[in-house]
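Report on one structure; see the data block that follows.
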Amino acid sequence: MHEYAFFLGCIAPNRYPGCEASAIKTSENLGIKLLDLEGASCCPAPGAFGSIDLNIWYAMAARNILLAEQMKKDIALICNGCYKSIYEVNEKLKKHKELREGVNEVLKGIDMEFKGTVDVWHLAELLYDPEICGIQKIRDSITVPLEGTRIAVHYGCHLMKPKKERHFGSTEHPYWIEELVAALGAEPVEYRNKMLCCGAGGGVRGYDLVHSIDITNEKMINLKEAKVDALTEVCPFCQLQFDRGQIEIEEKFGVKWGLPVLHYCELLGLAQGMSPQELALDLHAVSCEPFLEKVL
Amino acid sequence: MAEKKTKKETAPKKKEATKAAAKAAPAASKAPAKEQKEARIGVFICHCGTNIAGSIDIEDVQEYAKTLPAVAFADNYQYMCSTPGQGKIKDAIKEHNLTGVVVAACSPRLHEPTFRTTTKEGGLNPFRFEMANIREQGSWVHMHDREGGTDKAKDAIRIAVAKASLLEDLIPKTVPVEHTAMVVGAGIAGMQAALDLANAGIKTYLIEKNPTIGGRMSQLDKTFPTLDCSQCILTPKMVDVGRAENIELMTCAEVEDVEGYIGNFDVTIRRKARGVLTTAEAEAKGIVGGGCNGCGDCENVCPVIKPNPFEMGMKPRKAIYIYHPQVVPLLYTIDWDSCIKCGLCVDICGDKKAIDLEMQDELVKVKVGTAILATGYDLFEIEKKDEWGYKKYENVVTSLEFERLICASGPTGGHMVRPSDGETPKKVAFLLCAGSRDNTGIGKPYCSRFCCMYSLKHAHQLIEKIPGVQPYLFYMDIRSNGKMYEEFYYRIQDEGAKFMRGRVANVLEDPVTKNLIINAEDTLLNRPINLEVDMVVLATAVQPSMEAERTRKLFGVSRSMDGWLLEAHPKLNPCGTTTAGVFLAGVCQAPKDIPDTVASAEAAASAASIPIHKGEVELEPYFAQCIEEKCAGCGMCVNLCPYQALALVEKDGRKVMEVTEAKCKGCGTCGGFCPGGAIWMQHFATPQIIAQIDAFLLGGAK
Amino acid sequence: MAEEWKPQILGIICNWCSYAGADLAGSARTQYPPDIRIVRVMCTGRVDPLFILKAFTDGADGVLVSGCHFGDCHYLEGNFKGAKRMFMVKSLLRNIGLEDKRLRMTFVSASEGAKWAKVVEDVVKTVTDLGPNPLKELAR
Amino acid sequence: MARTKGYPETLDKKLADTRLYEDERHPDFTKTVEKISMTIPHMCFQCGTCTASCPSAPRSSYRIRKFVRRALLGLEEEALTDPDLWLCTTCYSCTDRCPRDIAPTDVIMAMRNLAAQRDIVPVNFLKTVQAIYTTGHGVPNNDVNRAARKKLGLNPEPPTTAGFPQYVKGIQYIIDYFGLKERADRIVKEREG
């Protein structure tokens with residue numbers, strides 16, 4: 001059993017609890033134990049905090065990392081936004097002495113000190129890593145193959161970009177999450193401009209909603225063209241943007257897409273036999289039923 | 001104590017001097033006389049305008065120099081290398097009857113030869129000269145630290161004086177130069193260089209790794225800005241090379257090993273088994289009227305099909321093949337990796353008996369006086385910049401693939417079609433600086449220099465061939481600096497090519513039509529562009545050919561940081577290298593278009609012919625000498641020598657080391673090691689170097 | 001001696017790579033500290049351990065030996081042999097209780113002017129941090 | 001920034017002098033941006049790869065190339081007061097493709113930091129701060145969600161600051177350390193009363 005401190009973030013636990021539930025359950029089936037990270041907070045939102053003052057962003061993220069350092073466990077998480085904050089700050093503080101000292105100066109006040117003793121992982125990369133889990137193991141864990149479904153993948157920006165500060169290689173034509181989808185028995189589908197941003201990041205969703213959902217709408221057009229049954233991602237914030245975004249698109253632009261959007265953990269849950277209720281799919285703004293009909 | 005050492009150790013030098021006396025009377029006759037005479041050094045400090053004087057206090061330095069032991073005279077001048085400057089030195093040598101000269105100026109790598117001649121003209125042995133580098137390693141690197149720079153200059157002079165007072169007469173060794181040359185690589189650069197050398201009456205070995213000569217130029221369709229057909233102007237030269245009596249052409253050949261030095265390089269060449277006999281080779285084997293006549297029957301019967309590299313893999317070839325109809329020499333070649341030795345070709349070839357499926361590589365040794373490297377370039381692996389989708393999207397091609405696609409002798413017979421469906425493209429985007437001017441660590445930081453111009457040419461060729469075609473050139477800057485180049489740019493613009501000032505961010509493919517969508521910004525309109533085209537041509541960056549690295553090491557040539565071969569001086573000696581007798585031609589030194597390549601080839605040829613026509617070269621006499629009374633005959637130095645110049649010999653009853661001067665290059669590896677201090681490195685002798693160290697740290701050799 | 005102490009550093013560098021590199025730094029006007037004095041040899045293979053020991057007994061605070069990159073030696077393999085000796089000398093220095101950091105061997109090619117400047121800065125810093133050569137007094 | 005001429009307002013707008021004057025350039029601005037962003041906008045050669053990669057460019061007047069140019073020239077006023085500054089979704093596509101190895105996204109983040117120092121910052125950013133200050137979450141829990149969590153067999157409050165409010169103090173300490181809460185409250189109040 002590989003054990004990790006499970007960093008929840010905000011949107012998974014507070015908007016899509018199904019992501020949280022499925023993440024814990026499915027990965028347990030795959031030999032990965034996700035432990036509560038007591039007292040963790042918002043990562044904090046890289047757009048909002050990073051834009052106002054990077055130093056606060058460093059310090060707040062560091063606090064979350066230190067909770068894991070105290071647990072002596074690496075961090076696993078399921079949100080790209082969180083990944084940017086927690087992973088990137090962790091790496092930056094390890095690398096840059098002066099940044100580290102600055103942050104520790106702040107954290108002194110709450111008796112904390114960044115030592116850089118843990119690493120940060122996105123659950124998706126752990127699932128893909130044969131050392132930890134790997135495609136085959138996922139395939140073996142499947143009880144309800146998602147056969148006959150066409151699923152497109154949205155990677156999300158902050159997981160893999162900027163590539164120089166990540167370890168996933170090129171960000172132009174990645175395919176590893178498609179492999180994870182194929183492992184569930186579904187057919188992964190390529191579509192135009194796959195790596196285009198969901199539109200939510202950088203505080204834009206809050207700053208200029210129509211601008212932000214117009215980007216989402218462009219993705220929807222490309223997805224429609226590829227005739228997919230569902231879109232999957234590994235980021236609840238992207239999920240929020242695609243899921244609630246479709247409702248907003250309908251309100252503002254009068255276009256109805258009705259494309260089910262599921263976090264990879266939710267898909268994995270379904271494939272491992274979890275029921276839609278256990279995944280709280282009813283909380284999704286866009287009904288997942290058309291997709292479920294194909295699966296169940 | 002340094003004194004004492006010299007006294008003792010100069011002993012063998014007497015021998016050397018007298019030995020020399022036999023060779024060169026005038027210089028040597030002085031040598032013994034000078035022996036005991038105590039050192040009188042003249043120091044000459046150069047202002048180099050303000051280059052040195054600007055950040056170093058010349059007066060101060062000169063006053064200091066006067067106080068140094070053994071300094072008999074000190075002077076300064078605006079430009080020491082000027083005629084009056086050199087005059088000052090010559091006069092001073094006589095007036096103050098100097099035994100050595102120190103010039104404090106620029107780098108010895110620049111002006112040592114100049115001042116050695118001056119010293120000689122002043123009546124001293126040229127090797128009684130030492131240079132103090134107070135510019136490149138002084139004023140220029142301490143421009144804002146006058147005090148520090150001045151102190152450093154004083155020390156540099158003190159160190160130089162210490163050495164100068166221990167310098168001795170040396171007689172350079174002159175060696176005969178082999179009346180032959182070698183050119184490695186038979187692209188346009190190598191061919192031109194070889195032709196020039198041959199026409200100058202020098203026997204030249206032309207080594208080419210491929211089965212035919214012609215190189216990259218033979219793959220091109222037309223050439224800018226004149227638009228003459230590349231093959232049409234190239235093939236006559238290829239034929240000349242094939243015909244030239246003075247050129248010994250070796251195709252399918254590689255340099256295996258290089259020994260020796262300028263005038264006398266011993267080069268081993270690997271002639272790769274071609275599997276096919278020339279008529280000459282056949283005759284040698286007693287096969288009358290046999291050997292390959294290029295009839296091509298073998299190709300017709302060969303069952304194996306492989307992509308033809310000459311056509312960038314866009315056309316098939318057999319396991320026994322020629323690149324294209326105009327190859328020189330017209331000889332078929334077997335690709336051993338794909339040949340299944342079925343023997344059909346042997347049968348069809350019949351009595352000509354030209355094909356030998358058991359042929360082995362052979363090693364040939366040749367001796368040459370000078371060598372020219374013309375190893376050319378390859379395309380950068382542009383798929384590494386995967387935002388442009390090369391090797392992912394069928395209709396994204398490189399510029400060389402485009403050349404073949406539009407060439408009448410190419411895979412499509414010159415009908416410009418796109419790979420995915422053979423349709424004629426109506427909209428084509430050219431991406432300039434594809435992989436060039438790239439500081440990400442993936443691409444190349446330099447400008448590949450000829451892409452702008454050939455892309456203009458490509459646009460013209462499209463407009464000429466396809467009515468109603470629309471070429472788009474996505475560029476950052478159009479670099480058309482050459483004779484009639486800017487005019488060519490004007491012409492292509494007039495012909496209707498559209499120039500979009502913006503670098504392409506990424507290329508997407510329409511999954512159905514296989515058309516390509518260009519994402520760029522029109523930085524002049526300040527608007528993003530979303531342009532759908534039928535085909536994308538990447539003006540791909542160039543990089544040194546794979547062979548270049550191996551070859552340069554064999555010839556002891558250095559490399560610039562960007563990977564191209566390093567010239568002796570970027571401005572004043574662009575063809576030479578730091579290895580005497582080895583020269584560079586064409587793109588192997590840096591990206592060049594055809595005119596520049598040919599020019600550099602002719603330059604290299606003339607440079608390479610000089611020592612050959614002179615017939616002899618002087619070697620700097622930095623040879624190792626054995627101080628026999630100290631030599632214990634342990635022989636450790638013998639194995640250290642990279643040139644097998646040392647040997648143990650029997651001399652009056654004991655083993656001592658002996659140096660073959662012709663082989664010794666003066667690296668001093670032996671001298672640096674000899675446990676008994678029995679090796680005297682001429683001009684870099686232990687007492688001389690120790691004196692320099694003492695001078696620096698103890699302030700003066702005395 | 002009143003003003004702050006500046007180290008005396010000896011540089012023994014090869015004619016073909018490092019000396020050319022140093023010249024290139026010059027023509028590029030790349031500035032670096034002036035606390036180094038250069039002795040030019042044809043190849044680092046020429047560097048006799050004696051030279052370095054002499055320098056230290058003479059009171060040098062640091063010695064820099066710099067040659068061509070491996071495989072780029074103008075004399076095929078002189079720099080290998082030079083480097084090998086430097087290891088030997090370093091252990092010697094340790095044995096006589098002198099910090100072996102005072103001796104440094106680097107590889108700077110003819111095209112690496114910027115690197116040469118960096119190397120010198122680096123060596124000057126290291127040696128300055130180490131302070132004066134304890135043998136200096138003996139030498140005086 | 002265009003210069004006004006003291007004409008009546010409408011004319012001043014219409015006829016404003018749009019030429020670039022030397023005194024608009026603040027070299028230290030370039031330096032500050034480079035320090036915060038840890039990247040090198042002064043090396044930009046304006047190829048437009050960034051704008052072409054930008055998801056916001058095609059639907060707005062936002063041109064990241066322009067902002068990098070402003071960083072390069074030190075056009076502080078023009079950069080920080082341009083509302084487009086806040087349209088970057090931080091997708092980092094420009095950063096991955098820039099041939100000069102600049103990180104334009106981080107240039108934007110640095111400029112936003114500098115703008116925020118002058119209280120130029122959209123309220124939605126500050127409201128996130130307020131939310132986190134009180135709950136530790138940018139997107140706090142709610143009753144619908146609590147109910148759903150129960151059904152899933154999860155604790156209605158996640159094991160975060162929501163479940164362990166005692167940790168909120170630490171967060172408030174950090175935010176107060178930078179005095180951000182007061183600033184946020186003040187600015188939001190100014191804007192929305």
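Only this structure's heavy atoms are used, side chains among them; waters, hydrogens and symmetry mates stay out. No experiment lies behind these values; they were computed from the predicted model shown. A, B, ... follow the sequence lines: proteins, then strands. Residue 1 opens every chain.
For B:Asp562, no part lies near chain C; criterion is any non-hydrogen pair under 4.5 Å. There is no contact between C:Leu53 and chain B, counting heavy-atom distances below 4.5 Å. In this structure, chain C has heavy atoms under 4.5 Å from both the backbone and the side chain of B:His144. Neither the backbone nor the side chain of B:Leu110 comes within less than 4.5 Å of any heavy atom in chain C. Contact of B:Ile689 with chain C is made through the side chain alone, with heavy-atom distances under 4.5 Å.
The closest side-chain heavy-atom distance from B:Ser558 to B:Thr577 is not below 4.5 Å. C:Asp61 is listed as a side-chain neighbour of C:Trp5, based on a closest heavy-atom distance under 4.5 Å. Under the 4.5 Å side-chain criterion, counting only non-hydrogen atoms from C-beta, B:Leu167 is in contact with B:His683. Counting heavy atoms from C-beta on, the side chains of B:Val557 and B:Thr551 never come closer than 4.5 Å. Residues B:Tyr643 and B:Tyr261 are not in side-chain contact: their nearest non-hydrogen atoms beyond the backbone lie 4.5 Å or more apart. In this structure, B:Tyr622 and B:Met681 have side chains that are not in contact, with every pair of non-hydrogen atoms separated by 4.5 Å or more. Between C:Leu50 and B:Ile690, the closest side-chain pair of non-hydrogen atoms falls below 4.5 Å. Residues B:Trp680 and B:Thr686 have side chains not in contact (no heavy-atom distance under 4.5 Å, counting atoms from C-beta outward).
At a heavy-atom cut-off of under 4.5 Å, chain B is reached by no residue from residues 87-95 of chain C. Chain B is approached within less than 4.5 Å, heavy atom to heavy atom, by C:Arg29, C:Thr30, C:Gln31, C:Tyr32, C:Pro33, C:Pro34, C:Ile36, C:Arg37, C:Ile38, C:Val39, C:Arg40, C:Val41, C:Met42, C:Cys43 from residues 28-44 of chain C, ordered by number. Chain B is approached within less than 4.5 Å, heavy atom to heavy atom, by C:Ala110, C:Ser111, C:Glu112 from residues 98-122 of chain C, ordered by number.
Legend: residues meeting side-chain contact (heavy atoms from CB on, under 4.5 Å) with C:His74, ordered by chain and number and at least two apart, are B:Thr578, B:Thr579, C:Trp16.
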| request: Test side chain to side chain contact (heavy atoms under 4.5 Å, CB included) on B:Asn133 and B:Arg109 and set out the steps. | output: CA-CA 10 Å; B:Asn133 182 343; B:Arg109 294 175 56 86; over 6 Å; no
| field | Audit row: C:Asp48, C:Arg85, salt bridge (charged side-chain N to carboxylate O under 4.0 Å, His left out) steps and yes/no | value | CA-CA 8 Å; C:Asp48 187 326; C:Arg85 272 175 231 147; over 6 Å; no
| field | Step-by-step side-chain hydrogen bond (donor to acceptor under 3.5 Å, both in side chains) determination, B:Thr150 to B:Asp60 | value | CA-CA 8 Å; B:Thr150 306; B:Asp60 186 13; 5.5 Å; no
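Among the candidates B:Gly672, B:Gly671, B:Gly138, the residue making the largest number of heavy-atom pairs closer than 4.5 Å to chain C is B:Gly672. Counting heavy-atom pairs closer than 4.5 Å to chain C, the top residue among B:His142, B:Lys163, B:Arg559, B:Met561 is B:His142. Contacts with chain C were tallied for B:Cys667, B:Gly148, B:Pro570; B:Cys667 has the most, counting heavy-atom pairs under 4.5 Å.
Ion pairing between B:Arg552 and C:Asp72 holds under the 4.0 Å rule for side-chain N and carboxylate O. Here B:Arg158 pairs with B:Asp155 in a salt bridge; the nearest charged N to carboxylate O distance falls below 4.0 Å.
Side chain to side chain, C:Asp23 and B:Gln137 meet the donor-acceptor criterion of an N or O pair below 3.5 Å.
Environment of CE in B:Met143: crowded, with over 12 heavy atoms of neighbouring residues, nucleotides or ligands closer than 6.0 Å.
Of the inter-residue distances, the one linking B:Ile56 atom CD1 with B:Thr50 atom OG1 reads 12.0 Å to the nearest 0.5 angstrom.
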